[in-house]
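In what follows, a structure is listed as structure tokens, so that the remarks can point back to it.
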Amino acid sequence: MTAAPTPADASLHTPVIAWFETHARDLPWRRPEAGPWGVMVSEFMLQQTPVSRVLPVYEQWLARWPRPADLAAEPPGEAVRAWGRLGYPRRALRLHAAASAITELHGGEVPSDHAELLALPGVGEYTAAAVASFAYGQRHAVLDTNVRRVFARAVSGAQYPPNATTAAERKLARELLPHSEPVAARWAAATMELGALVCTARTPDCARCPIAARCAWRAAGSPAHDGPPRRGQTYAGTDRQVRGKLLAVLREALEPVPQRTLDAVWDEPVQRARALDGLVADGLVEPLPDGLYRLPLT
DNA sequence: GAACCGTGGAT
DNA sequence: TATCCAAGGTT
């Protein structure tokens with residue numbers, strides 16, 4: 001096989017990074033004082049949750065738990081409570097578990113090694129690369145939904161990337177990575193920001209895109225998505241909705257809550273019981289004797 | 001690989 | 001009003 005490799009391409013790097021220099025948002029986790037722990041907290045919170053909703057919770061979280069050991073010293077239920085309404089509260093539990101692992105295994109410092117990051121609870125391929133790149137300036141392909149969409153359009157000529165990240169996408173991302181470590185870290189942040197602010201999912205603002213002239217999707221006439229339908233998620237009536245209602249009650253409660261109080265949030269008993277059992281199985285809720293429930297102390 | 005896991009703003 | 005979508009990870 002002698003297929004020419006796609007080289008890291010300065011004709012993309014230069015305009016995207018230049019755009020980033022003047023258009024990047026001033027987000028708290030991008031400030032130097034955030035440190036690796038601030039970056040990690042932000043990455044957990046931003047998993048499937050918009051920046052605008054993360055901002056206030058992030059500030060409260062870092063003020064209360066400025067170091068991993070501070071969080072690890074408190075019960076996991078306090079992390080769940082402080083998570084508020086960000087959604088997917090298992091992330092709070094995993095962030096607490098990650099803080100404990102960092103405290104016990106890494107001397108209280110967020111590891112800089114990609115493999116060590118990946119081994120932490122709640123840290124997957126994306127988050128490990130993001131922390132290593134944003135917090136430590138390393139050279140990694142950071143493939144989140146924004147970057148995948150930018151590459152799908154600008155390089156591959158498709159409106160949307162595949163539903164699940166493919167090997168081809170990883171290969172492309174690695175090939176496009178600038179060779180210089182600091183430039184690669186800048187590229188990662190810049191492509192993500194471009195996807196978040198300009199090359200958005202619904203209505204991309206191509207008039208403000210620094211690489212519109214080189215965009216394969218535009219060159220092809222901005223063809224509509226032709227792959228399998230993008231996953232739509234119903235929510236009303238699901239176990240997730242019931243779990244959310246149950247946990248909302250427990251988050252607000254300062255003392256253990258009796259079963260009958262939880263029963264009031266959903267009238268279908270089978271589904272209600274299944275949801276509560278699920279929360280207990282996930283470690284988000286701790287059952288006590290006499291039919292009482294609370295956020296977990298351990 | 002598919003299903004599951006919250007929440008709320010925008011369109 | 002209903003659908004889409006938001007810096008994913010785990011099972």
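All values below come from the heavy atoms of this structure, side chains included, with hydrogens, waters and symmetry mates left out. Convention: sequence-line order gives letters A, B, ...; per-chain numbering from 1.
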Under 4.0 angstrom, heavy atoms only, what part of the nucleic acid is A:G87 near: base, sugar-phosphate, or nothing? base
Using the test side-chain contact (heavy atoms from CB on, under 4.5 Å), find all partners of A:R208 that sit at least two apart in sequence or belong to another chain. A:D205
Whichever of A:K245 and A:A164 has its nearest DNA chain B nucleotide further upstream toward 5': A:A164
Of the nucleotides C:dA7, C:dG8, B:dC5, which one has an atom closest to the side chain of A:Q48? C:dG8
Using a cut-off of 4.0 Å on non-hydrogen atoms, how would the nucleic acid contact of A:A201 be classed: base, sugar-phosphate, or nothing? sugar-phosphate
Residues A:R67 and A:D70 bridged, charged N to O under 4.0 Å: yes
A:W61-A:W83 aromatic ring centre distance below 6.0 Å: yes
In this structure, how many angstroms lie between the P atom of B:dC5 and the CG atom of A:L246, rounded? 13 Å
Polar-atom pairs under 3.5 Å, protein N or O versus N or O of nucleotides 8-11 of chain B: list them with distances, or write none.
from, atom 1, to, atom 2, distance (Å)
B:dG8, OP1, A:R85, NE, 2.3
B:dG8, OP2, A:R85, NH2, 3.1
B:dT11, O4', A:R202, NH1, 3.2

Using a cut-off of 4.0 Å on non-hydrogen atoms, how would the nucleic acid contact of A:S42 be classed: base, sugar-phosphate, or nothing? nothing
Tell me the interatomic distance from A:R90, atom CZ, to B:dA3, atom C1', rounded to whole angstroms. 11 Å
B:dG1 to C:dG8 separation - C1' atoms, rounded to the nearest Å: 16 Å
To the nearest Å, give me how far apart CG (A:N163) and P (C:dA6) are. 12 Å
Distance check needed: C:dT11 C1' versus A:D282 CG, whole Å only. 11 Å
With nearest nucleotide decided by heavy atoms, which residue, A:R30 or A:G122, maps closer to the 5′ end of DNA chain C? A:R30
Check every strand shown and say whether A:L247 touches a base, only sugar-phosphate, or nothing at a heavy-atom separation below 4.0 Å. nothing
Checking all strands, does A:R251 fall into the base, sugar-phosphate, or nothing category for heavy-atom contacts under 4.0 angstrom? sugar-phosphate
Whole-Å distance between C:dA7 P and A:E125 CD? 17 Å
Look at A:R186 together with A:E193 and state whether they make a salt bridge at an N to O cut-off of under 4.0 Å. no
Would you mind checking if A:E268 and A:R272 are paired as a salt bridge, meaning a charged N to carboxylate O distance below 4.0 Å? no
Side-chain donor-acceptor distances from residues 244-258 of chain A under 3.5 Å, at least two apart:
from, atom 1, to, atom 2, distance (Å)
A:R251, NE, A:G84, O, 3.4
A:R251, NH1, A:G84, O, 3.3

Closest approach to the side chain of A:D239, judged atom by atom: which nucleotide of B:dC5, C:dC5, C:dA7 is it? B:dC5
By the 4.0 Å heavy-atom rule, please label A:W83 as base, sugar-phosphate, or nothing. nothing
Taking atom CZ as the centre, does A:R25 end up with more than 12 heavy-atom neighbours from other residues, nucleotides or ligands that are less than 6.0 angstrom away? yes
Using whole Å, what does the distance between atom C1' of nucleotide C:dT10 and atom CZ of A:R94 come to? 5 Å
Please state how far atom NE2 in A:H225 lies from atom P in C:dC4, giving the value in whole angstrom units. 11 Å
Would you indicate what A:Y235 reaches in the nucleic acid, counting non-hydrogen atoms under 4.0 angstrom: base, sugar-phosphate, or nothing? base
Tell me whether the rings of A:F151 and A:W187 are parallel (<30°), tilted (30 to 60°) or perpendicular (>60°). parallel
Can you see if the side chain of A:T238 gets near the phosphate of B:dC5 - specifically, an N or O under 4.0 Å from OP1 or OP2? no
Do the side chains of A:L194 and A:I211 get nearer than 4.5 Å, heavy atoms only? yes
Would you indicate what A:L143 reaches in the nucleic acid, counting non-hydrogen atoms under 4.0 angstrom: base, sugar-phosphate, or nothing? nothing
For A:F134, which contact category applies under a 4.0 Å heavy-atom criterion: base, sugar-phosphate, or nothing? nothing
Counting the atoms with a prime plus P, OP1 and OP2 as sugar-phosphate, which does A:V54 contact under 4.0 Å by heavy atoms, base, sugar-phosphate, or nothing? nothing
Distance check needed: B:dG6 P versus A:R243 CZ, whole Å only. 4 Å
Taking the C1' atom of each, how far is B:dG6 from C:dC4, in whole Å? 16 Å
Below 4.0 Å: OP1/OP2 of C:dA6 and any side-chain N or O of A:R149: yes
Would you measure the distance from the C1' atom in B:dG8 across to the matching atom in C:dT1 and give it in whole Å? 15 Å
Scan A:Q241 against the nucleic acid and name what it touches under 4.0 Å (heavy atoms): base, sugar-phosphate only, or nothing. nothing
Can you work out whether A:P121 or A:D144 has the more 5'-proximal nearest nucleotide on DNA chain C? A:D144
Examine the base of B:dG6 for any acceptor or donor lying under 3.5 Å from a partner atom in the side chain of A:T49, and report the outcome as yes or no. yes
Could you measure between the two P atoms, the one in C:dA7 and the one in B:dA3, and give it in whole Å? 23 Å
